[in-house]
Amino acid sequence: MSETFRVCFCCSRSFKEKTRQPPGSIKRLFEAYSRNGKMSSDDLLRFVSEVQGEGHAGMDYVQDIFNSVKHHNVFHIHGFVHLNAFYRYLFSDTNSPLPLSRQVHHDMKAPLSHYYVYTGHNSYLTGNQVNSRSSVEPIVQSLRKGVKVIELDLWPNPSGNAAEVRHGRTLTSHEDLQKCLNAIKDNAFHVSDYPVIVTLEDHLPPNLQGKVAKMLTRTFRGMLFRYDSESCKHFPSPEELKKKILISTKPPKEYLESQAIQSSSSSRRTPIDRATSWSGNANMSWRGESKIREDDAEEEEEEESEAVGYRDLIAIQAGNCKSGLEDCLRDDPEKPRRISVNEQWLENVVRTRGSDVVRFTQRNLMRIYPKGTRVDSSNYDPHVGWTHGAQMVAFNMQGHGKQLWIMQGMFRANGGCGYVKKPGILLDTKRLFDPSKMLPIKTTLKLKIYTGEGWDLDFPQTHFDQYSPPDFFVKVGIAGVPRDTVSYRTETAVDQWFPIWREEFLFQLSVPELALVWFRVQDYDNDTQNDFAGQTCLPLPELKSGVRAVRLHDRAGKPYKNSRLLVSFYFDPPFTF
């Protein structure tokens with residue numbers, strides 16, 4: 001069989017078509033666990049126990065493997081597995097490097113501050129930060145992918161009589177607030193029952209805050225979480241907050257200033273002051289002014305009550321860092337809070353105060369958001385926040401690129417529920433973790449890339465090269481603390497839809513608890529930019545050892561139907577997460 005590519009009107013090039021043949025290393029592995037070219041149930045059980053590290057596996061597990069490849073019609077009469085059936089099993093979804101059950105397995109009863117939360121930034125935008133369309137669609141898509149923090153910017157509409165959602169002082173369009181709230185309500189618990197946090201960037205006057213409070217109450221009803229008291233020494237746990245929606249924003253300025261307003265208004269006009277102006281026409285004039293002042297007072301009182309009502313819905317009070325670093329990172333033992341800072345602020349602070357940030361995030365929430373110059377909706381390195389305990393690393397989910405792939409990889413952990421428990425090193429109050437310190441190597445990840453397949457089914461024949469089969473290579477690396485961050489690439493497999501590589505890579509890890517391994521496949525081009533052929537990112541604490549089928553995803557994070565890599569993972573020495 002040959003594969004033909006048309007070069008011009010009258011010429012063509014033919015290449016010998018290569019089939020899905022197991023590489024030599026996989027054949028030798030099969031031979032080590034089979035007899036006379038056949039693998040029995042006992043042989044397969046021995047393989048999954050010794051090579052795949054599935055020590056818990058029994059005959060039911062082996063039967064599931066048999067069932068997963070039964071449709072390939074590659075069994076002997078008595079149920080023995082051929083080499084080709086074994087190879088199909090290795091490439092199947094049954095042989096995933098991550099747990100198949102998608103069950104939540106982290107302890108979910110700790111305070112909210114002990115978890116990383118899948119967080120969106122400007123969740124209503126469909127594109128860039130300058131002139132893209134606002135819509136409920138990205139909100140729905142984010143929630144259905146497991147995002148658990150949705151951000152809405154609230155501004156008065158042109159008439160000033162209602163609140164709308166838009167990116168203020170830009171050319172982006174607006175979206176109806178009620179539609180956004182309905183989208184959140186209808187999709188909040190699509191992926192898991194754990195809480196959804198709605199962060200409001202509020203630019204509203206008190207009367208519109210009152211309207212928004214009524215909308216929130218009417219829309220979310222029993223889902224809305226409200227504290228019973230002002231004093232709360234720690235946040236509730238995700239388990240306690242199941243099926244709840246939490247509002248997080250800054251308290252209304254009117255409420256914070258209410259005490260000052262009351263005290264100053266009572267001292268502005270004493271009975272003596274009023275008596276001095278009571279005479280003749282002046283008395284009549286004062287009565288008219290008094291009526292106006294009474295109206296103003298009633299209006300102030302109404303605005304204040306609206307502000308207080310709005311404040312009562314705020315489950316997580318937010319603040320900023322405009323009053324100095326010491327106050328910003330101050331830990332009130334009686335009431336935890338959330339601060340919101342941009343990526344540049346965090347990068348500057350952690351150079352000298354990294355441990356202070358870790359201490360603050362042990363009880364309080366920190367939200368990191370992209371700097372203002374990211375008008376193209378690009379993202380930043382999330383590990384700067386994660387390694388210092390920041391729970392809400394806010395990303396532009398409509399963006400693409402390596403940083404978003406790392407974010408998606410992190411939240412494939414814990415069943416993809418949107419919450420990932422922070423490692424113990426970040427919660428230790430006695431020995432504060434400092435990511436800038438050189439720590440000893442705990443383990444080495446040995447990673448070998450064998451082969452790949454599926455591109456011929458997911459892409460047209462000429463997608464990568466007009467005149468020949470693709471020339472694939474793989475980039476692989478670790479995302480984590482600075483010492484652990486490194487990447488390599490394989491050689492290029494020329495003119496092959498089913499490339500075979502023979503390279504093993506070693507990754508020495510000092511903080512494997514915070515590491516992820518990423519893959520990016522590209523088609524090599526001599527004179528143009530290399531073509532994208534798939535990517536994925538996997539959290540190391542979830543990684544299963546052995547020879548595994550790594551499913552690839554497109555630029556947006558959607559999995560391809562067929563494209564996969566066959567990769568082996570081993571930790572030396574073995575590491576318990």
Side-chain angles (χ1 to χ4, degrees), residues 106-119 148-149 194-195 197 199 227 231-241 246 248 315-321 323-343 345-369 381-394 410-411 413-414 417-437 439 442 480-482 510-515 539 541 577:
H106 292 184
D107 171 23
M108 302 302 286
K109 296 181 179 180
L112 204 61
S113 57
H114 289 201
Y115 300 84
Y116 298 122
V117 192
Y118 206 175
T119 302
K148 285 294 182 177
V149 182
Y194 293 106
I197 301 170
T199 59
Y227 280 111
S231 179
C232 177
K233 294 189 176 183
H234 59 78
F235 290 112
S237 70
E239 191 69 29
E240 293 173 292
L241 295 169
L246 287 72
S248 180
I316 302 174
Q317 288 197 9
N320 52 41
C321 287
S323 55
L325 186 59
E326 294 299 329
D327 188 59
C328 177
L329 298 178
R330 176 180 49 83
D331 180 23
D332 183 348
E334 296 300 319
K335 191 168 187 178
R337 59 198 171 100
R338 168 177 80 84
I339 62 170
S340 192
V341 298
N342 69 38
E343 54 170 298
W345 182 95
L346 182 67
E347 288 175 3
N348 292 336
V349 167
V350 298
R351 290 191 184 105
T352 56
R353 304 288 294 273
S355 294
D356 291 333
V357 176
V358 171
R359 179 188 289 107
F360 177 83
T361 55
Q362 289 177 339
R363 292 188 64 257
N364 303 278
L365 299 178
M366 178 177 282
R367 175 179 172 270
I368 316 299
Y369 59 91
D381 180 5
H383 267 93
V384 179
W386 289 337
T387 55
H388 291 87
Q391 299 85 352
M392 300 180 180
V393 178
M410 166 65 90
F411 289 98
N414 199 25
C417 73
Y419 285 82
V420 173
K421 186 87 182 303
K422 293 198 287 188
I425 54 174
L426 284 167
L427 301 173
D428 189 338
T429 57
K430 295 179 180 178
R431 296 180 60 187
L432 286 175
F433 177 64
D434 186 351
S436 65
K437 286 186 177 180
L439 298 175
K442 292 180 180 177
V481 298
S510 60
V511 191
E513 303 94 326
L514 288 168
F577 288 94

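Keep in mind that what you see is a predicted model, and the values were worked out from it rather than measured.
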Between the side chain of Tyr116 and the main-chain N/O of Phe411, is any donor-acceptor distance below 3.5 Å?
no
Under a 3.5 Å distance rule, please check whether His106 uses its side chain to pair with a backbone N or O of Lys421 as donor and acceptor.
yes
Keeping Asp331 on the side-chain end and Phe360 on the backbone end, is there a donor-acceptor pair under 3.5 Å?
no
Treating Ser113 as the side-chain partner and Gln362 as the backbone partner, does any N or O pair qualify as donor plus acceptor under 3.5 Å?
yes
Side chain to side chain, Tyr369 and Thr199, heavy atoms closer than 4.5 Å
no
Taking all atoms of both residues into account, what is the closest heavy-atom pair of Leu426 and His388, and its distance?
CD2-C, 4.3 Å
From Leu346 CG over to Asp381 CG, what is the distance, rounded to the nearest 0.5 angstrom?
10.5 Å
Kindly compute the distance separating CZ (Phe235) from CG (Leu246), expressed to the nearest 0.5 Å.
9.5 Å
When you measure from the side chain of Tyr115 to the backbone N and O of Gly418, does any donor-acceptor pair fall under 3.5 Å?
no
Return the minimal non-hydrogen interatomic distance between Arg330 and Arg337, and the atom names on each side.
O-NH2, 2.8 Å
side-chain contact (heavy atoms from CB on, under 4.5 Å) between Asn342 and Ile368, intermediate numbers included:
CA-CA 5 Å; Asn342 69 38; Ile368 316 299; over 6 Å; no
Going by heavy atoms in the side chains, are Pro539 and Phe577 under 4.5 Å from each other?
no
Separation between CG of Asp332 and NZ of Lys233, rounded to the nearest 0.5 Å
10.5 Å
If every non-hydrogen atom of Pro236 is compared with every non-hydrogen atom of Tyr227, which pair is closest and at what distance?
CD-OH, 3.2 Å
So, Lys422 side chain and Leu427 main chain: donor-acceptor pair closer than 3.5 Å or not?
no
Could you walk me through whether Glu513 and Lys442 pass the side-chain contact (heavy atoms from CB on, under 4.5 Å) check?
CA-CA 10 Å; Glu513 303 94 326; Lys442 292 180 180 177; 2.9 Å; yes
Taking the side chain from Ser248 and the backbone from Ile316, do they hold a donor-acceptor pair closer than 3.5 Å?
yes
Gap separating the CG atom of Leu112 from the CD1 atom of Ile197, nearest 0.5 angstrom
5.0 Å
Evaluate side-chain contact (heavy atoms from CB on, under 4.5 Å) for Ser436 paired with Val350, printing each intermediate quantity in order.
CA-CA 9 Å; Ser436 65; Val350 298; over 6 Å; no
Reported CG-to-NE2 distance for the pair Leu365 and His114, which is rounded to 0.5 angstrom
10.5 Å
Look at the side chain of Gln391 and the backbone N and O of Thr361, then say whether any donor-acceptor pair between them is shorter than 3.5 Å.
yes
For the pair Asn414 (side chain) and Val420 (backbone), establish whether a donor and an acceptor sit closer than 3.5 Å, ignoring hydrogens and angles.
no
Contact summary for Val393 and Gly385, nearest pair of heavy atoms
CG2-CA, 4.3 Å
Please determine whether side-chain contact (heavy atoms from CB on, under 4.5 Å) holds for the pair Leu439 and Val511, giving the CA-CA distance in whole Å, both sets of side-chain angles, and the decisive distance to 0.1 Å.
CA-CA 8 Å; Leu439 298 175; Val511 191; 3.9 Å; yes
Which distance, rounded to the nearest 0.5 Å, do you find between the CZ of Arg353 and the CG of Leu325?
4.5 Å
How close do Pro238 and Tyr194 get, heavy atom to heavy atom, and via which atoms?
O-CD2, 3.4 Å
Using every non-hydrogen atom in the two residues, find where Ser355 and Leu432 come nearest and quote the distance to one decimal.
O-CD1, 3.8 Å
Lys148 side chain to Cys417 main-chain N or O, any donor-acceptor pair under 3.5 Å?
no
